[in-house]
K.L.:
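The structure follows.
None of the values given here were measured: they were computed from a predicted structure.
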Amino acid sequence: MITSEQRDKVRGWFSGRLPDDLFEELVEVVVDREEITVIGRVPAPRLTADAPDAEREAAVAARIQEFRERTREARMAVARDAEHRFRRKVAWGVVCDGQRALFTHVAAPVMTRLRQPERQVLDTLIAGGVARSRSDALAWCVRLVQRHTDDWLTELRESLEHVQRVRAQGPDTGEATDARDDSSAQDREEG
């Protein structure tokens with residue numbers, strides 16, 4: 001699990017390392033065991049206020065594509081430095097006029113053992129046309145849970161960070177070890 005302090009350090013590194021003119025704003029830096037995803041805001045295309053939705057969607061898609069192509073070399077240079085420093089792949093994304101787009105990112109395999117009832121759920125999603133494979137069906141299930149339990153997952157992550165802090169202060173830290181060593185020496189002197 002990645003702690004908020006580690007996440008803050010990664011975000012801080014990107015804030016300092018990104019070229020000033022790359023994004024209007026660094027929106028989000030998401031970190032897990034395999035990947036760092038950096039998402040920034042890019043300016044919306046200039047359109048008339050009464051532009052039709054189809055025109056707006058096409059202009060935003062074109063702006064995102066233009067940004068991706070124009071900044072490729074700069075983003076690759078930052079990614080090389082980050083991958084060396086943090087030992088994780090770097091993915092990029094943008095937010096433009098309310099639309100979010102992720103560029104190439106890691107699709108990490110997850111090994112799992114499912115019993116028949118769980119496999120039947122996945123197979124039903126495939127048969128219903130919701131997913132093409134069990135892998136797609138499992139990803140669909142994870143996204144559904146994530147969407148409906150964001151607050152709960154946030155609270156769970158915070159609890160895990162607290163557990164890590166408490167473990168770091170546990171009996172195997174330097175002070176507790178020193179106290180045990182002193183009592184063992186005292187036992188030998190008395191015996």
K.L.:
Might you point out which heavy atoms bring Phe14 and Ala82 nearest each other, and give the distance in Å?
P.N.:
CZ-CB, 3.5 Å
K.L.:
Indicate, with yes or no, if Val95 and Phe23 share a hydrophobic cluster defined by side-chain heavy-atom contacts under 4.5 Å among Ile, Leu, Val, Met, Phe, Trp and Tyr.
P.N.:
no
K.L.:
Quick one: list whatever passes ring pair (Phe, Tyr, Trp, His ring centres under 6.0 Å) with Phe86, sequence neighbours left out.
P.N.:
Trp13
K.L.:
Suppose we screen for salt bridge (charged side-chain N to carboxylate O under 4.0 Å, His left out). Which residues come up paired with Arg88, at least two apart in sequence or across chains?
P.N.:
none
K.L.:
Check whether any side-chain heavy atom of Leu102 lies under 4.5 Å from a side-chain heavy atom of Ile39, and answer yes or no.
P.N.:
yes
K.L.:
Tell me, do Leu122 and Trp140 make a side-chain contact under 4.5 Å, heavy atoms counted?
P.N.:
no
K.L.:
Can you tell which of Asp8, Val10, Thr37 makes a side-chain contact (heavy atoms from CB on, under 4.5 Å) with Val29?
P.N.:
Val10
K.L.:
Should Arg100 and Glu28 be marked as a side chain to side chain contact (heavy atoms under 4.5 Å, CB included) after you check the CA-CA gap, both sets of side-chain angles, and the distance that decides it?
P.N.:
CA-CA 12 Å; Arg100 183 181 178 118; Glu28 186 176 19; 2.9 Å; yes
K.L.:
Taking the side chain as C-beta and beyond, is there a heavy-atom pair between Glu73 and Arg70 under 4.5 Å?
P.N.:
no
K.L.:
Less than 3.5 Å apart, which donor and acceptor atoms pair up between the side chains of residues 104-111 and the rest of the protein, not counting sequence neighbours?
P.N.:
unit_1	atom_1	unit_2	atom_2	d
Thr104	OG1	Arg68	NH2	3.2
His105	ND1	Phe103	O	2.8

K.L.:
Side-chain contact, heavy-atom cut-off 4.5 Å: His162 with Val166?
P.N.:
yes
K.L.:
Looking at residues at least two apart in the chain, or sitting in another chain, which of them share a side-chain hydrogen bond (donor to acceptor under 3.5 Å, both in side chains) with Arg11?
P.N.:
none
K.L.:
Measure from the side-chain N and O atoms of Arg63 to the backbone N and O of Pro43, and report whether any donor-acceptor pair falls under 3.5 Å.
P.N.:
yes
K.L.:
With side chain to side chain contact (heavy atoms under 4.5 Å, CB included) as the test, would you mind laying out the steps for Leu114 and Val121 before giving the verdict?
P.N.:
CA-CA 10 Å; Leu114 299 177; Val121 169; over 6 Å; no
K.L.:
A side-chain contact here means heavy atoms from C-beta on lying under 4.5 Å apart; do Leu156 and Thr149 qualify?
P.N.:
no
K.L.:
With side chains defined as the heavy atoms from C-beta onward, is the minimum distance between Gln6 and Val31 less than 4.5 Å?
P.N.:
no
K.L.:
So for atom CD, which belongs to Glu69, do other residues, nucleotides or ligands contribute more than 12 heavy atoms lying within a distance under 6.0 Å?
P.N.:
yes
K.L.:
State whether Glu161 and Arg157 are salt-bridged, where the test is any N-O pair (Lys NZ or Arg NE/NH1/NH2 against Asp/Glu carboxylate O) under 4.0 Å.
P.N.:
no
K.L.:
Hey, quick one: are Val94 and Val30 part of the same hydrophobic cluster, counting side-chain heavy atoms closer than 4.5 Å, chains of contacts allowed?
P.N.:
no
K.L.:
Please round to the nearest 0.5 Å and tell me the distance separating atom SG of Cys96 and atom CD of Gln65.
P.N.:
12.5 Å
K.L.:
Quick check: is Leu125 connected to Leu138 through a chain of hydrophobic side chains (ILVMFWY, heavy atoms under 4.5 Å apart)?
P.N.:
no
K.L.:
Could you tell me which residues satisfy side chain to side chain contact (heavy atoms under 4.5 Å, CB included) with Ala79, sequence neighbours excluded, listed by chain and number?
P.N.:
Glu83, Val90, Trp92
K.L.:
Does CD belonging to Gln120 count more than 12 external heavy atoms closer than 6.0 Å?
P.N.:
yes
K.L.:
Should we count NE2 of His148 as having more than 12 external heavy atoms under 6.0 Å?
P.N.:
yes
K.L.:
Do Thr71 and Pro19 come within less than 4.5 Å of each other through their side chains, counting heavy atoms only?
P.N.:
no
K.L.:
To the nearest 0.5 angstrom, please state how far the CD1 atom of Ile126 sits from the CZ atom of Arg119.
P.N.:
12.0 Å
K.L.:
If every non-hydrogen atom of Arg56 is compared with every non-hydrogen atom of Ala51, which pair is closest and at what distance?
P.N.:
NH2-CB, 4.2 Å
K.L.:
Show the atom names and distances, to 0.1 Å, of all donor-acceptor pairs under 3.5 Å that link a side chain in residues 129-137 to residues at least two apart or in another chain.
P.N.:
unit_1	atom_1	unit_2	atom_2	d
Arg132	NE	Asp136	OD2	3.4
Arg132	NH2	Asp136	OD2	3.3
Ser133	OG	Ser135	N	3.4
Ser133	OG	Asp136	N	3.1
Arg134	NE	Asp123	OD1	2.8
Arg134	NH2	Asp123	OD1	3.4
Arg134	NH2	Asp123	OD2	2.9

